[in-house]
Structure formats: C-alpha cells, structure tokens
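Worksheet: one structure, shown below.
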Amino acid sequence: MDGKALRILAEGEGSYLKVDPDAFRSCTAQKDRRMRSKLMTAAEAIQRYVADGDYVIWEINYLQRGPAALLREIIRQQKRRLWAGGKFTWVAVAMLVEAGCCDRADMGFFVGGGPVTRAVLEKRLTIYEYSNLVMTARLRAGAMGVTFLPIRSLGGTDGFKYSGAKLIEDPYTGEPTVIVPALNPDVALIHVHQADEYGNARAFGTNISDVEAALASRKVIISAEEIINTEEFRHKPGLTRIPYYVVDAVVHQPFGAYPGEMPGSYASDPAHVIEVFGAVARDRVKAYLDKWVYSVANEEQLLSQLVGMAKMAELRRRASGVGLEAYRS
Amino acid sequence: MDGKALRILAEGEGSYLKVDPDAFRSCTAQKDRRMRSKLMTAAEAIQRYVADGDYVIWEINYLQRGPAALLREIIRQQKRRLWAGGKFTWVAVAMLVEAGCCDRADMGFFVGGGPVTRAVLEKRLTIYEYSNLVMTARLRAGAMGVTFLPIRSLGGTDGFKYSGAKLIEDPYTGEPTVIVPALNPDVALIHVHQADEYGNARAFGTNISDVEAALASRKVIISAEEIINTEEFRHKPGLTRIPYYVVDAVVHQPFGAYPGEMPGSYASDPAHVIEVFGAVARDRVKAYLDKWVYSVANEEQLLSQLVGMAKMAELRRRASGVGLEAYRS
Amino acid sequence: MIGKGPWSEATKATSFAEREFQVCIAARLVENGKCYWVAGGGGPMYSVLLAKRLYAPDVIYVAEDGVVGAEPMLPFDPVMTLAAARPSHRAVMWTNMNGIGDQCGVGYLDYGVLNALQIDAYGNINSTWLGSYPVEGRRVNGPGGADTIAAMCRRLVLMTDHQRRKFVPRVDFISSPGYLDGTPGARKRAGLPADTGPYAVVTNWAVFDFDPQSRHMRLRAVAPFVSVEAVIAEMGFKPLLFGSAGDIEVLDPPTEDELRIFRSEMDTRGQFTDTASHWVVWENERWTMVEKEVISTGVLI
Amino acid sequence: MIGKGPWSEATKATSFAEREFQVCIAARLVENGKCYWVAGGGGPMYSVLLAKRLYAPDVIYVAEDGVVGAEPMLPFDPVMTLAAARPSHRAVMWTNMNGIGDQCGVGYLDYGVLNALQIDAYGNINSTWLGSYPVEGRRVNGPGGADTIAAMCRRLVLMTDHQRRKFVPRVDFISSPGYLDGTPGARKRAGLPADTGPYAVVTNWAVFDFDPQSRHMRLRAVAPFVSVEAVIAEMGFKPLLFGSAGDIEVLDPPTEDELRIFRSEMDTRGQFTDTASHWVVWENERWTMVEKEVISTGVLI
C-alpha cells in the first residue's frame, strides 16, 4: 500500500448492473408510503412490474418457497431479454432460457443441462460467475445503499475473472481483499406464507435473502399463500420480514410454490419435481413447458385442471409432522 | 480514479482496535462447539471473561434490555482501562468512567455531563467519534469477518477526523466514499429474555445489534431473565437470535435490566431512572454508585435489599398492557 | 413555507407555551404520506404524532431501535420515548438498528426530524462538544442517530430553542452534517448521498429554510408574538430573508384542537413544554410572553 | 489418517456398495465437537449424520439455507436434502444465507464437506464448465455454496467418485478454490482467510490428503478391495504417496452397524448408493467388485 492510494490488483471482466445507489434512491423516493391495497392477480403483477430487459431476482428456488407461480406467469407472458439472478436456484433459469425469456444470468447455482449449455454455445445466453453467498452479499450491499462489499471468498477462482469483482489492497491491512459490486435488481419475486393487502409480509422457516432482495430491488412482487389482516402484523411486529412500503404488488396465490414445498403448509410434489428436473437434464424443457405452463391460462387453471383437489389435499396432509408450530412464529 | 489505484482522500486520526479478521478467526477456533453448560453467576462471568484493558460492547442501554446487572458487576470488580463501545448507550459510560474502569470510549451516544467532561479534560479518558449506526456498521463488519464496510454517513463531520474512518475513491463509481474499520470487541454483554444453559438465546421486541455483537466479539456473556430448556429452541428455531457456540457464559439474572425496562417482563423504574440520570447530569455519580452498586455484594442483594419484592411486583404489573404476546414470539 | 391549512380556519388558542407553539408549527410542516425518522423523543416525535393525528394521517415514522410504523400507547413519559415498549406499540415491523439504517440508506426514510443543541448558518449540528474540542469546554452526548439521519434522509427538519447561543456562525464541532461549508457539492465530496440535506429549522419563534444556491439559512416565517427583528437579534449570525419585504410569513398561533390533543395525549404532565419555555398569552389585543417557573427533568435520551 | 477406531473392533460387513463404503470412511474422518457446513445433500450430509449417530455425537452442522444444528427427520429423499422442512427439523436456529455466511466468515464453521465433480492435484474444484469455457463443452451447475465453503471453512473434505475423468491435472475451471497453483501464500494473495484449504479427499476407493509443503494431493489410504496401483491408475495425475513403502493405510471395510444405520435411516431406498456405484462382496476369502444396474434419479440439488 503506497500510503495514499490502494492498488487494484485484479478485476473481473464480467458485466454487472451499473452501481448507482443515488439512482436507486431516486427510485425508492417514488414509492408510495401510504397503506393502499396492492392486491392483484399474478398476471397483472407481472404485466405491470416486469419489463423486457429487467434484471429479475427470486426467492428462493423451485423446490421450497420459490415464487413458482410468478415465474410461470413470466414465461406465459413471454417476457424477453431478462437478466436472471441465478443464486441458489435450481431449474428456473433453464426454464426461462428455453422459453426465450432470458439472455443473461448471474450464476450462483442452477441446473446447467442441455438448455443452458445450448444457449451458451449458441451465444443466446451469457453467464457471469459468482457463488450463492457472493450473490446474497451483492444483494446485501444493494439493500444497504452502498456500492460494494468486501468478501473473503471468490478470490483465486476462475469465476472471479468472469464476475464484477475486484481484488484490491485492503485499506486497513494492506492485504489483498476481494470486493463485489452492489446489486439492485429491477424486480424481486418473493413468495411468502402471509401478507396483508398493503405488502407487509411474513415468511417462516429458513430462508435465503428475501429481506435483502426486497430492500435492494426497484420493484417488489409478493405472492402469498394467505392474505391476513394488518392487525395481525401490529399484534406481533417481530414477525414482519418485509414492510409494506417496499412492495409494489401483492398476489394472493395459494400453492404459489408448487411443485415445491411451503414449509408448514404443504409438501413438495416429488413426481413433479422429478419430472421437471428430468426435463432439464434430458433437454426436454419445451415439452414440460407445454404441459405445465402454456396449456393453462393462469395459475388457478393449473391448480384446478392439472394438479387437482385430491393432490392438493394430499400435499397439505403430507406437510404435517414437520413441527407445524415452528412455522407459525 | 487513476485506473489501477484508488486514492485515499482523507483519513481519521482516531485509534481503533487493530483490524485483523484472521486473528479473530483463531479466537473463534478455540471456542467449544459442544453443548456444555455455561451457567455461572454474574460475578464468575465477569471475573473469567472481562480482563483489564478489554474492549467491551453492550446491548443495548440502561433504559431498556441493557445488561445493567453485568455492568454493575464490572464496576464492583473494579475492572481497569476498559475501552467502552458507547453506541446508543446512555448513563453507563459515565458510571464506568467515574468508577475508574474506563479510559477510552467510542462515541455513538452517551450522556456526557460532569464525569465524562472532567475525565476528558483531565486526560483520563479519550473519546473516538462515531455515531450509533456507524458503530453498528463496524460491528456488522466484525460479524461478517471482513475488514471494513462502506457507509454513506460520517463524511463531512468533525467526528470523521477523530475516528478510524477513511474517505476513498469508490472502486465502482469513482466518487468519494466513506469506509469504517471492522470492530471485533473483546467482550459483548447481552441481556435477553430467554437462554438455555448452553447459550442459545432469544430476545423479543426491538433491538440494536445484539446478533452482530455476539458474532463479532471474542468473549460473549449472556444474562437472561429466564433459563429455558433447549427443547424449546428446537421447537421454534426461528426465534433463536444467538446460537450457543458463540457464547462463553450464561448468567441467570432476573431483573438483569433493572432499572431499565424488559419489554413484556417488567417496566422500568422511573424514580431510579431519574435518579441515575440526575446523578450524571449533576456530577454525583460517586454517591449513586455507593448507594446502588458498592453497597451490595451482588445483584441478588441489590434486588432483595435495595429494590424489594413489592417494587419488583409493581414493575412486573406495570409491564402488562403493552401487548405481552408480541414479546413471546 | 407553511402557509394556509386546516389550522388557519380552526379556533385559535389564546394561551400556550412557546414549545407547544413550536411543536404545532413543526407538525404543520409534516408532509402526508411520507416516512419520517425521529431520533430521540421530545419535539420531533411529538410533531410527527400530532401531525398524524390532525393533518397527515398517512405519515409513518421509524425509530433507530428498529420500530417501524408504530401506533404508540400515548401518553408516554418523555424519559421513555425511545427504546421502550409503549412507543413501539402496534408497529407494523420491529427490526434492529442496522435494519433501519439499511432502509435509510436505500432511501425509504424521506424526512428526519432532529433536536439540535447548536446549529450554524449551513445547518450543521453540534451535539458533541461545546467549546474547543477536546481541551476546553463541555462534553455533550454525541450524534447518536442524528448523523445518520442528517446524512441520509432526503429532507432534514431541525428543531431548536430560539436562543442566541444555539445559532452560531460556525458550530464548535460538526457532529451531524448540514451543508458543511455551503459550497456546491460539499456533501457529495464528503461521500453523502445526493439530494439530501437540511430542509427547515423550526424554533419557538420562527421557521427557516436554506437558500437553494448559497445553502445559507433563510428566515421564512415568524411567530405572531415576535418581530422579525427580535428573531434575528436572538441569533449569533444573520439569516438571509426570504423574498422581498413582507414575504416573511406570520405564523398562525396554535389552534385549540392542536393544544387539546397535544396536552391530553402527549405532554400530559407538561414535562416537555415546561422546560426552557415561556408562556404566551393573548391579552388586551396583543400577545405577551410570560416567564414560567422551570421544573427541569430534562430530556433523558 | 483415519487409523483405528470403534469401527476396527466392530463386525465387518461382507457386502456393500462402493458409495456406502465411501460414506462410512468420510464419517470416520468427522471430528467430534466441531461444526460442519455441508453443501447440498448426498454423501456430505450422510457422512456427517452417520458420524453423529455412531462416532461423533457432539458434531453439529449448518446448511446454506440457514439451518443450524438440526436433528433432521430421517430418512429424507435425496431430492430433498436441502431447503426442505425435514432436514431443517429441530434445528437450534434458523437464519438465512448471509447469516450462515457471516458465521463462516468469522470462523465458527470448522469443516466443510463437498461433492466434487472434477478435482485437480491442488484440490481445486470445477463445477462450472466441462471443456473449454465457454465455447466448447458442457455447462454445469456453478459453485453454489461450495466456493464459500472451500474459501472460508478451516478444513475442507472433498468427496468424489474414483474415476479418471474426475481427477485431472488442472481443472477446466476453478469454481471453488483449493490450493490454487500450489505456491506458498497463493490463497492469501487471492484474498482468502488464513489457515484454510483442502484437508482430505474421500473416494469410493481411497483417502488423500495434501502435502503440507507442496500442497499436492497425497495418497493416505486405500480400500481393502483395491490396490494402490489400481487407485493411481484410475487418476488423471499421479498423487504423492504418504511416507515410505507400507505407510499407505488399508481402510477397514464398512461395519454392519454403519451399514444398518445408513440403510435404515438414511439411504432407505438406495437412491444415493445405486447411482454410479459398484457392489463389493467378500467371497472366497477375497473382495470382488460386481456391476450393478444403475437406476439414476440423480442428485437434484
């Protein structure tokens, strides 16, 4: 360290959303702080708040508490040129890519397989390389309103080269330190157990980074298993994970995580889980989408025509026995 | 920005604990991951885990959920040359200074008044200048295992000059950005509603930065209103705020926040609150300490001889009506 | 700056403490549908609560101990307006200090309202040291949360007693940033977010804003019971005057409704207004200021 | 490296899948009283669970979705070993990904256990791209949590199938860091925490560690049913050999207890071990490997 300057030792060459916390603040300034109903259908929410070219982050994956219904609606509406924040996700990036919705992705974890490999080789998809935690660190920076965070991983990997990270001399120790740029996605998709009509939201159990994603994103779409009264939030304020004023749309979407699990509410559907994984692994995603996404006009039809009451009842039954009370506080 | 280096535009001249996350990792490596009972008295905990010269952080203040009993025990044991992390605290720094326990303090908020002013002018006390949030940001960095965090405050103040902050060219925007050094205190004192004998801990209601303090500190002393069974933690894992393996000592200390409030358990004692504030404001802390700290051998005597059963019953009664159920989840 | 509102039509009070007047004026400045961060108790919190009750039903506020959108149990003791159960009551969310800091960092907290011990012409605040730091003078309490609020909320409203010693040309120590030296871009060069800074100063006698070019404090309005000259005479520097002669607004006195609610639901024992406050009375067709015995409990946090 | 233990005295099994053997060996390596981070399901989680059941009662583990110290509901489906209710059951704490990352950053997570798709002589792992990135070859799943674990846990245990294509001189892409180029200080120069790095590699045939000086992979032990030569022949580079002739340990086969618990409480339907695994049988006083039909469901996460 040269005393009054810090050397930049290495820089990744990956593209990343422009880091501009003041621009993000101009965006949050426009959001309404009043309690007004934001209830709408998934179709309306995606129509209004997801634009072609948007960077989309979602919480968490297609296996548990993922915004599966919202993701399917994005595919139904044929959004284009999305940039997927693929941290700790699973099959959804492959689905978006194969549906033609997505041409860039930040990698934490998602199933590669045929659709993704083909898209990369055909230059229809560019992937930037991070890890799950590096992505949640970037969201954390975005949620703090700062431009970057130091981290103690990613260094030394080849992923570093294809990321937006830098290796700098640490301002306090002089040692090499990795920093990563803040991420402020255009849209966050978050599925929760309970929300009120204004957007106050509760989710129970483990989680990835839904609070960070909600605070860091320009537009926030919440889907909820259950719409509850605001009085319940005021009764136990410690349970609120997301405050209403960061939220743009609230979608009442029972079984919104299907085929994944909603802990304490319903189990995952293993047959479907194996079907969708197999579709990605065997490069048959188009057929999967025909069957499970395009064949119905909306999520209500998916549940009534493709899943059915009996299956839903069975999934709810199978959710019991995991200590349900743990998912009510 | 010169392309491959970042200029350091300004640096505070305040001292700060050496930033050395690898040394801190060596310390956490020594902690026991086994579930073994750490129950002990406040006197034992302070004797074993607070050394002269230690940097001490506490959560939160002397008005609500503060580790008041542990602080009094530090004074009784006449610890010396402590460095106080005075973020969002209130009268405790003045008490420690007047008791001769403390010669350095990081300022967020604490009542200045006679004892502190005299100590500064007589050069018995050096104060470094931050704010509440800057201090919790430093703890957050310490809890993340990184060396610093960027922040968007402190810049432009005179406090900056007497802090460990730096103003650097932002690696991503080129704009001036303030960074502050990570803080890894020697000791954290944390008072909670419930703990088990191993150190798993729950606290309800609002809070300042107890999770950050617990993860960032070399030694962690928990005092708890109530010792509960580990089974209760396993029953509702979402309520756990601090995991047992970061904790070194667990003290069962009912009324451990007295004279402050423990939300949902007991109200604060306004007469005592006014007495201690008045003692600081009118520079009569020595008399206050004689009466409330030195006159008794321990906290049990304080409660039985100085506070009394009737007062305790009254304070418990007065806690009701604030929506008790909100403080049980 | 404040202008006409529901208060202009309401029945005027004829007897009130100066600090009650100050709270009412600050309440009229509150913008509906915005999110406020109030640090500490006293005037800032009372102003927002009074506004919410009368003029700005959709305003919400946060506190630095993690309270979001509370409906507090009123009245609460002025010694217990922060980090206590009654003011956190019926919040929509409880989080922690970094949680509130994050929300402020990304811009969800529109306004901050602060008490200021010492303030200068560019809105810089001193709450650290009175005198020559740190060798002569008196230590005070530090910025607490005020530095964050002053740095990162979009608009900052300052409340202070109208006393010469509070308004100084240059604060002894900048604890929380105003417009710093007033030069263009000063806050940006210090690393602070864009489009932030002091917006108004509300005293028991007057309301100020800051000139958009020079960033210098500017008189906008005075109480009906003092003159412009008296206001300026009781300051350690000369503020700019808004507009031309006659453009300085004369503020409406408190309304009966404002005082009734403030006295019955907030400062029920007069602990807040009795401190360092004169009494103002309408007698013989004019306002008179009366000394009142001060029973100081102080604002403890 | 593993040496004698309770397993040495217990009744040996005479018929098992290679992957069952691998899990048992990894379980014997688990250090009691430490905290593990297991990424994804399969072998890593099974090893820690089996160890906890038999040899290391005080071991705990975390998962990247925020589970701390769970007592999972066994058995769970291999497709549902992470981010699901049954594996998170009876945890002492649920937090989130950054919460787990913070605990790892400050050093509370002692060991990491990872499945590796492709590994090189310095313990670097590839789970990003097989072939020439990104113009030829095959995209795989990315590091997920493995990069964090490999960077920040004190000791890293890698599990992989013993196949030539898995052990390459240089991985096609470093997704998660081992000792990088093996030079002294390479990890530090990359910004990684001190005193971290690969500790052991456990395959269905052998156990390796890394030479303290050269950081090169080193053979420590082989399965009783393969020779040292066979182990080396099935690798894309030549590992160092520990000590002198005869110092390579011959591992004890699985015990009946290990298999009983693994089969009855963990891999109850054989989904894990049936994938890419031979069967090993004790016949005519010697071990024989038998091909077994593979019913692949894959490890889905």
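Letters A, B, ... mirror the listed sequences (proteins, then strands); counts begin at 1.
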| query | With a 4.5 Å heavy-atom cut-off, do Y172(A) and K18(B) have their side chains touching? | reply | no

| Interatomic distance, T173(A) atom OG1 to D22(B) atom CG [nearest 0.5 angstrom] | 8.5 Å

| remark: Residues of residues 139-152 of chain A with a heavy atom under 4.5 Å from any heavy atom of chain B, in residue-number order, are R140(A), M144(A), G145(A), V146(A), T147(A), F148(A), L149(A), P150(A), I151(A), R152(A)

| Checking heavy atoms, do the side chain of V180(A), its backbone, both or neither come under 4.5 Å from chain B? | backbone

| field | Sub-4.5 Å side-chain heavy-atom contact between I8(B) and L6(A) | value | yes

| Which of the residues A182(A), P181(A), G323(A) is involved in the greatest number of heavy-atom pairs with chain B at under 4.5 angstrom? | P181(A)

| task | Would you check, one step at a time, whether the test side-chain contact (heavy atoms from CB on, under 4.5 Å) holds for E325(B) with H235(A)? | result | CA-CA 8 Å; E325(B) 58 296 329; H235(A) 193 61; 3.1 Å; yes

| Is K236(B) close enough and on-axis enough to Y327(A), meaning under 6.0 Å and within 45°, for cation-pi? | no

| message | Nearest 0.5 Å, please: how far is CD in E175(A) from CG in D20(B)? | response | 9.0 Å

